[in-house]
Amino acid sequence: MNPLVSIIVPIYNVEKYLKNSLLSIKNQTYTHFEAICINDGSKDHSEKIFYETVGNDLRFKLYTKKNGGISKVRNLGLALAQGELISFVDSDDTIHMNYLEELVKGIVEYDCDISICGHNMNYTHITMPVHFPKTALIKQKTALSFLMSDMIIMNYSWGKCYKKEVWNNIRFPEDKIYEDIKTICRTFMNSSRFYVSNKLLYNYNIHQGSISQQKSAQQNYKLKCAYRYQMAIAANKYPSLKIFGYWNLIKADVIHLFDIISSKR
């Protein structure tokens, strides 16, 4: 079995990083994929870099639209996807050459609905690896507990490969932040078996000024709303998972307080 993987790549003003990201996709050992690259109204040279880097590779398709935000881009990608499997790669991140091969193997060979790999969180001066101690097959409740702890299985769309049917009737909430927290838990609720690889195959690059680095009081409130939404969905089936939701609410306030104190130094 050699399923087509649809890789959804949002592009917005990433000229400094786009070439490396596209090349990391192009150089995959698993070659049966389509890369759906969506230019969300970039004002820099991202479109030019796309054509210079992968313009001659028919697996890469570029769609250009008026700026509308990351959720609208991902939803368009899901609508355009022709593959049996879905994966997401942010255009300022890179993936290891075996990323697709490992994640497809997890779904095909072990009959899983979602496969997940380890990742490197690359800050300016330090890299933090995040992964399971060993590769494992886990069931829904265990996967949800790790997702809600947001420590090893993270609340991000990237670093995962999904059967397309997992996304039936699920789309990212538009014009919202922390959209992944509200969405990925729903794909987990649509899944029963998970392959979790301990291999570090995704490089998440965190830049100064990115949304993950901005924590105003309003954003903290919206983050907690997203955690409450996630907790309500998961705890409706598994009440014992509420503890992870409450922990996230406390954690959000602690991190926000730390940010306030740090900003005043």
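Predicted model only: the values in this text are computed from it and were never measured.
- Proximity of a side-chain donor or acceptor of Ser149 to a complementary backbone N or O of Phe146 within less than 3.5 Å is detected.
- Electrostatic pairing of Lys48 and Glu15 does not count as a salt bridge here, judged by no charged N lying under 4.0 Å from a carboxylate O.
- For the side chain to side chain donor-acceptor pair (under 3.5 Å) test with Asn203, the passing option among Asp93, Thr94, Asn20 is Thr94; the others fail.
- Remark: side-chain polar atoms of Ser6 are not paired, donor with acceptor, to backbone N or O of Ala81 under 3.5 angstrom.
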- Test log, rule side chain to side chain donor-acceptor pair (under 3.5 Å), inputs Asp253 and Asn220: CA-CA 7 Å; Asp253 281 337; Asn220 185 59; 3.1 Å; yes

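- Thr127 and Asn120 form no side-chain donor-acceptor contact under 3.5 Å, judged by distance and modelled atom types alone.
- Inspection of the Ser191 and Lys163 side chains reveals no N or O donor paired with an N or O acceptor under 3.5 Å.
- Other residues, nucleotides and ligands contribute more than 12 heavy atoms inside 6.0 Å of the OH atom of Tyr63.
- Remark: the backbone N or O of Lys199 is paired with a side-chain donor or acceptor of Ser197 at under 3.5 angstrom.
- Applying side chain to side chain donor-acceptor pair (under 3.5 Å) to Gln230 and the options Asp180, Asp150, Asn155 leaves one that passes, Asn155.
- Ionic pairing of Arg74 and Asp40 is not present here: no N-O contact between side-chain nitrogen and carboxylate oxygen is shorter than 4.0 angstrom.
- The backbone N or O of Leu80 sits less than 3.5 Å from a side-chain atom of Gln82, completing a donor-acceptor pair.
- Between the side chains of Glu102 and Tyr195, at least one donor-acceptor pair of N or O atoms lies under 3.5 Å.
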- Task: Test salt bridge (charged side-chain N to carboxylate O under 4.0 Å, His left out) on Lys176 and Glu179 and set out the steps.
- Result: CA-CA 6 Å; Lys176 306 286 184 182; Glu179 67 288 333; over 6 Å; no

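- Residues Tyr238 and Gln140 bring a donor and an acceptor atom of their side chains to less than 3.5 Å of each other.
- Expressed to the nearest 0.5 Å, how far CZ of Phe172 lies from OG of Ser157 amounts to 4.5 Å.
- Side-chain atoms of Glu174 and Ser71 include no donor-acceptor pair closer than 3.5 Å.
- No side-chain donor from either of Thr187 and Asn190 sits under 3.5 Å from a side-chain acceptor of the other.
- Ring planes of Trp158 and His119: perpendicular class, angle over 60° (limits at 30 and 60°).
- For the pair Lys164 and Asp113, the salt-bridge criterion is not met [side-chain N within less than 4.0 Å of a carboxylate O].
- Taking the charged nitrogens against the carboxylate oxygens, Asp92 and Lys16 have no contact shorter than 4.0 Å, which rules out a salt bridge.
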